J.: 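Mind having a look at this structure? Questions to follow.
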Amino acid sequence: MARRYWLFKSEPDVFGWDHLRSCPDQTTHWDGVRNYQARNLLRDEIQEGDLGFFYHSRTTPPHIVGTVEVTRAGYPDPTQFDPKAKYFDPKSNPEAPRWYVVDVRAAKLLPRVVSLEELKQEQALSSMMVVQKGARLSVQPVTAREWEIVIQMAGMSTIAE
DNA sequence: GCCAACGTTGGC
DNA sequence: GCCAACGTTGGC
């Protein structure tokens, strides 16, 4: 299947790009997603080898900072079963896990970060999910065309990726 | 820090 | 199964 593209949101104070870079192998499981629409993407759609933007939310200005590669497709989020974990979900059970994660590895730091404002001003990105008002989904699909446009805005050539 | 937008919960 | 109340997200 063709590689697909995604956007992963995170608050830099909670888990930012530098946190990911400091993880072993610059890889982490993308845990804590507790929204069913995003869960469905993690569980059913996102595949190993897909690429994603790492987006910093709740900061000034909000921006895309880098890219990640998916290194493992969806599997149950271990934090949902851990009573001591922040994301413990007493209503989930291992027989039928409610929440999923994928593994992502830091790929490229953008030569230039791309702010939400810049994304909004780019006509060709007017239907990109992240620029829509009230778009709170923390894992979002990105089209190949949107990916290419943002990559170029970030000062990366398509060929260099 | 505010608050609009959105998602979820639970009483009925 | 509706919908008011509540909690969270995230731009500003």
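Letters A, B, ... are given to chains in the order of the sequence lines, protein chains preceding strands, and every chain is numbered from 1. Predicted, not measured: the structure shown is a model, and the values here were computed from it.
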J.: Using whole Å, report how far NE2 of A:H56 lies from C1' of C:dT9.
T.: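 Whole-Å distance recorded here is 17 Å.
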
J.: Ignoring hydrogens, what is the shortest heavy-atom contact between A:M129 and A:A135? Give both atom names and the distance.
T.: O-CB, 3.2 Å

J.: Whole angstroms only, please: what is the OH-C1' distance between A:Y36 and C:dT8?
T.: 15 Å

J.: Side-chain donor-acceptor contacts of residues 25-33 of chain A below 3.5 Å, not counting sequence neighbours, with atom names and distances?
T.:
| from | atom 1 | to | atom 2 | distance (Å) |
| --- | --- | --- | --- | --- |
| A:Q26 | OE1 | A:R21 | NE | 2.6 |
| A:T27 | OG1 | A:D25 | O | 2.7 |

J.: What are the two closest heavy atoms between A:V68 and A:L20, and how far apart are they?
T.: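 Closest approach of A:V68 to A:L20, heavy atoms only: CG1-CD2, 3.6 Å.
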
J.: Could you tell me how far apart A:L7 (CG) and C:dT9 (C1') are, to the nearest whole angstrom?
T.: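 Rounded to the whole Å, the gap is 15 Å.
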
J.: Is the closest side-chain donor-acceptor distance between A:R136 and A:S57 under 3.5 Å?
T.: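 Their side chains do not contain a donor-acceptor pair, so the 3.5 Å distance test is not met.
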
J.: Check each of A:E118, A:Q123, A:E117 against A:Q121 using the side chain to side chain donor-acceptor pair (under 3.5 Å) test, and report the only one that passes.
T.: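 So the option named by the test is A:E117.
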
J.: Would you say the rings of A:Y87 and A:W99 are close, in the sense that their centroids are separated by under 6.0 Å?
T.: no

J.: So does A:E45 pair up with A:R4, basic N to acidic O under 4.0 Å?
T.: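 So A:E45 pairs with A:R4 through a salt bridge.
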
J.: Could you give the CZ-to-C1' distance, from A:R34 to C:dT8, as a whole number of Å?
T.: 14 Å

J.: For A:D103 and A:Y75, test the side chains for any donor-to-acceptor distance below 3.5 angstrom and give the result as yes or no.
T.: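 There is such a pair (donor and acceptor under 3.5 Å, judged by atom type) between the side chains of A:D103 and A:Y75.
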
J.: How many Å lie between CG on A:L119 and P on C:dG11, as a whole number?
T.: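 The distance from CG of A:L119 to P of C:dG11 comes to 11 Å, rounded to the nearest Å.
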
J.: Find the bend of the helix from B:dG1-C:dC12 to B:dC12-C:dG1 as the angle between its two terminal axes (five pairs each), to the nearest 10°.
T.: 10°

J.: Whole-Å distance between C:dT9 P and A:Y55 OH?
T.: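 Roughly 15 Å, once rounded to whole Å.
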
J.: I want to check one thing: is the phosphate of C:dC12, taken as OP1 and OP2, less than 4.0 Å away from some side-chain N or O of A:K120?
T.: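 Answer is yes, contact under 4.0 Å.
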
J.: Among A:V65, A:L125, A:I151, A:L119, exactly one meets side chain to side chain contact (heavy atoms under 4.5 Å, CB included) together with A:V114. Which residue is that?
T.: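 It is A:L119, the one option of A:V65, A:L125, A:I151, A:L119 that forms the side chain to side chain contact (heavy atoms under 4.5 Å, CB included) with A:V114.
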
J.: Give the rounded distance in Å between these two atoms: CG of A:L137 and C1' of C:dT8.
T.: 14 Å

J.: Walk along nucleotides 2-7 of chain C from 5' to 3' and tag each nucleotide B, S or - by protein heavy-atom contact under 4.0 Å, base first, then sugar-phosphate.
T.: -----B

J.: To the nearest Å, give me how far apart CD (A:Q132) and P (C:dG11) are.
T.: 13 Å

